[in-house]
2 protein chains.
Amino acid sequence: MDVDTRLLRYFAAVAEEGTLTGAAQKLFVSQPALTKQIRRLEDDLGVPLFVRSRSGMALTEAGRELAARVPALLDGWDEAVQATGRAARLLRLGFLDAGAVGAVHEVIAEFRRARPEWRVELRQFDWSDPSAGLARGEVDAAVVRLPFPGQEGLNVRELFVEERGVLLPARHPLANNGTVEFRELWDEPFVAAGAETGAWREHWLAAEEREGHPVRVGAVTSRPDEWLGAVAAGCVALAPASTARFYSHPDVVFRPVRGVSPSRVGLARPKGRTREATLDELLEAIARRLSRR
Amino acid sequence: MDVDTRLLRYFAAVAEEGTLTGAAQKLFVSQPALTKQIRRLEDDLGVPLFVRSRSGMALTEAGRELAARVPALLDGWDEAVQATGRAARLLRLGFLDAGAVGAVHEVIAEFRRARPEWRVELRQFDWSDPSAGLARGEVDAAVVRLPFPGQEGLNVRELFVEERGVLLPARHPLANNGTVEFRELWDEPFVAAGAETGAWREHWLAAEEREGHPVRVGAVTSRPDEWLGAVAAGCVALAPASTARFYSHPDVVFRPVRGVSPSRVGLARPKGRTREATLDELLEAIARRLSRR
DNA sequence: CTGCTTCTATAACCTGGTGGCATGGATGTG
DNA sequence: CACATCCATGCCACCAGGTTATAGAAGCAG
């Protein structure tokens, strides 16, 4: 019988979490999708894995047998992926926005000179996965924005802190001010990340700094160009200061904001994985460079 | 990064076989499908796994690393599937045609009385997989028709031998004869299994008994009802004698044939897997009953 | 008892992955 | 020089998997 490792991750998440709803949030998928997948797994195996109830999903005996084996299988696969990367002398780095990556390109160029036999791949991820590919094991390490959901399962090293400002349509009245008070933005329509990103979405809507004032969501997007487009079309969005340097749009302006917490940039890698010395070397170099700011 | 175990089996087959074309036959898929899948695996990993040449596919260093780990992962998964079956007291048997299964139903009924806590699931597979689900690990054991491709990788025990005859349209001139000479059928349009089944297809077209005379394929099908339908519509097809007892169609008749080898029925199970005592017990009972004929 | 909350299940719809067939291109071989 | 044997590509059909919206069941508070 064939399965996708994705399905195994789903199963493991539900087994651990005990509810579909909860697991769905951690996995960045909708609850109905999980319902269907878990049911399909049971159908394929011909064996019930959970007992459903109002309070959630409890493992059956067969489910416990499976749950006992799945983590090792997933780890085994991740290790195999890592091994092919090692064999091919490839290091994969994930990132979300050009701002956070900043001087990383220079570090990589130096690294390349020092270790010409290695290749470094820099992959950009969209905001549907705030872990920049780490959650799914698609990269060896990632430059991330803290905080994000799933962070606890990773090894995260904070690098630096950056003020957040706001992107405004060029014609917006506040676009003339030097600095904007966050309070003035409370009733503006915000660009938000997808609902599946939970706390990450909240953080970029600055839900905590609103003193209970409700959020108006004007657009939902997960990619930088759509994001700028939405602002040009009349929405507003919080953004780290570096955004102003790396992205630009004729009808969008960036203004500092008083009253929102800063954005923290970190370097993340999987927990407790076998260490690849060359990767450590690169990450160390990146950390040194970025922390300096 | 997520993969389907199917993709891993594909990779393992190509790695072992050394050619896409050859592996495709063993896997019962088309060669272009394999080409695409292997390429996708390489793209996902961001690492080339094979070096292509006119003579086939040679593993790269990274490919060897992967090939060294994949079998263990696949075995691990199969074992996990088996474990859930054990925990749920479930035995899965695959079969292809009602004829070969014959008295198995009675054996199962007896077994059920003796071990009421166990459940036996009898699953029918179509001819796109002559191993009746064993190749993909979908069953614990299977009643099969020998020979079939992939047989070497399994533990096969021959049970009995059964003459093959021919299914003819009722209005066919030969339908009046008592026994048909196979030679008389050489130019008839045959119903065949899909090209992906290789030697299995050949065997049921009796390619070896034609003394080089070419085959005329009148229809391709993988399911019993389509198969009978094709015969009713004017094709002919070889079939084991038991077919006459288990399938019937108003416009189709069965006649014995002289000059084709008989069909051998066997009981197959995965090689070198941990033995489940209860499964052994059931298989032993089936073997005893079927061999008696 | 009623309304709210918190679970899972179902329905309708959309998209992209996966496979099949037919065909092309490259490269040794009789 | 034709042929056989590989792998790659283009086009098409289908289904698995996702999303949103909504229903259904069951505790819990007033």
Side-chain angles (χ1 to χ4, degrees), chain A residues 1-11 13-15 17-44 48-59 126 128-129 136 192-197 217 220-222, chain B residues 1-11 13-15 17-44 48-59 63 126-129 136 192-198 201 217 220-222:
Chain A
M1 216 207 61
D2 289 315
V3 234
D4 197 305
T5 55
R6 181 170 14 90
L7 188 47
L8 295 184
R9 290 186 213 278
Y10 286 3
F11 168 77
V14 175
E17 192 68 15
T19 76
L20 284 174
T21 318
Q25 283 176 8
K26 288 206 171 177
L27 292 166
F28 311 130
V29 296
S30 70
Q31 168 262 314
L34 253 194
T35 295
K36 237 193 299 191
Q37 291 304 316
I38 295 296
R39 177 164 292 280
R40 203 173 63 87
L41 181 59
E42 291 178 312
D43 286 350
D44 284 355
L49 299 171
F50 295 96
V51 177
R52 275 87 167 156
S53 73
R54 47 275 141 73
S55 60
M57 314 270 288
L59 286 167
D126 65 40
S128 59
D129 177 10
R136 294 185 177 176
E196 72 275 11
T197 59
V217 172
V220 172
T221 141
S222 60
Chain B
M1 217 206 59
D2 289 316
V3 234
D4 197 304
T5 54
R6 182 171 15 91
L7 188 47
L8 295 184
R9 291 186 211 275
Y10 286 4
F11 168 77
V14 176
E17 192 67 15
T19 77
L20 283 175
T21 318
Q25 282 175 10
K26 288 207 171 178
L27 292 167
F28 312 130
V29 297
S30 70
Q31 169 262 314
L34 251 196
T35 296
K36 247 186 296 190
Q37 290 305 317
I38 296 297
R39 177 164 291 282
R40 203 174 62 86
L41 181 59
E42 292 178 313
D43 286 350
D44 284 355
L49 299 172
F50 294 96
V51 178
R52 274 89 168 156
S53 73
R54 64 269 173 205
S55 60
M57 314 270 288
L59 285 167
D126 65 39
W127 305 319
S128 59
D129 176 10
R136 294 185 177 175
E196 72 274 11
T197 59
R201 171 189 171 114
V217 172
V220 172
T221 141
S222 60

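Every chain is numbered from 1, with letters handed out A, B, ... down the list of sequences. These numbers come from a predicted model, not from an experiment. The analysis underlying the following values was restricted to heavy atoms, covering all of them including side chains, and did not include hydrogens, waters or symmetry mates.
Closest-nucleotide positions on DNA chain D for B:Thr21 and A:Arg6 were compared, and the one nearer the 5' end corresponds to B:Thr21. Positionally, the nearest nucleotide of DNA chain C for A:Arg52 lies more toward the 5' end than for the other of A:Asp4 and A:Arg52.
Using a 4.0 Å heavy-atom criterion, one finds that B:Thr19 contacts the sugar-phosphate atoms exclusively. The residue A:Ala33 sits close to a base: some heavy atom pair falls under 4.0 Å. Within 4.0 Å of A:Gln31, counting heavy atoms only, lies at least one base atom of the nucleic acid. B:Phe50 comes within contact range of no nucleotide atom at all, as no heavy-atom separation falls under 4.0 Å.
Of the candidate nucleotides D:dG17, D:dC7, C:dA9, D:dC7 has the atom nearest to the side chain of B:Met57. Among the nucleotides D:dG17, D:dT20, D:dA8, the one closest to any side-chain atom of B:Pro32 is D:dA8. Closest contact between the side chain of B:Thr35 and the listed nucleotides C:dG20, C:dT10, D:dT9 involves D:dT9.
Exactly one residue among B:Asp4, B:Val29, B:Thr5, B:Leu41 makes a side-chain contact (heavy atoms from CB on, under 4.5 Å) with B:Tyr10. That residue is B:Val29.
A:Lys36 and A:Glu42 are not joined by a salt bridge, as no carboxylate oxygen comes within less than 4.0 angstrom of a charged side-chain nitrogen. With respect to the salt-bridge test (charged N to carboxylate O, under 4.0 angstrom), the residues A:Asp2 and B:Arg9 qualify.
A donor N or O paired with an acceptor N or O is not found under 3.5 Å between the base of C:dG17 and the side-chain atoms of B:Lys36.
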Is there a side chain to side chain contact (heavy atoms under 4.5 Å, CB included) between B:Phe11 and B:Leu59? Walk through the geometry before answering.
CA-CA 10 Å; B:Phe11 168 77; B:Leu59 285 167; 4.1 Å; yes
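B:Gln25 has its CD atom 13 Å from the P atom of C:dG20, to the nearest Å. For the pair B:Leu27 CG and C:dG19 C1', the interatomic distance rounds to 13 Å; values are reported in whole Å. In this structure, the CG atom of B:Leu34 is 14 Å from the P atom of D:dC6, given to the nearest Å.
The side chain of B:Arg40 contributes no N or O atom lying less than 4.0 Å from OP1 or OP2 of C:dG17.
Side-chain contact of A:Gln25 with A:Thr21: a donor-acceptor pair under 3.5 Å is absent, judged by distance alone.
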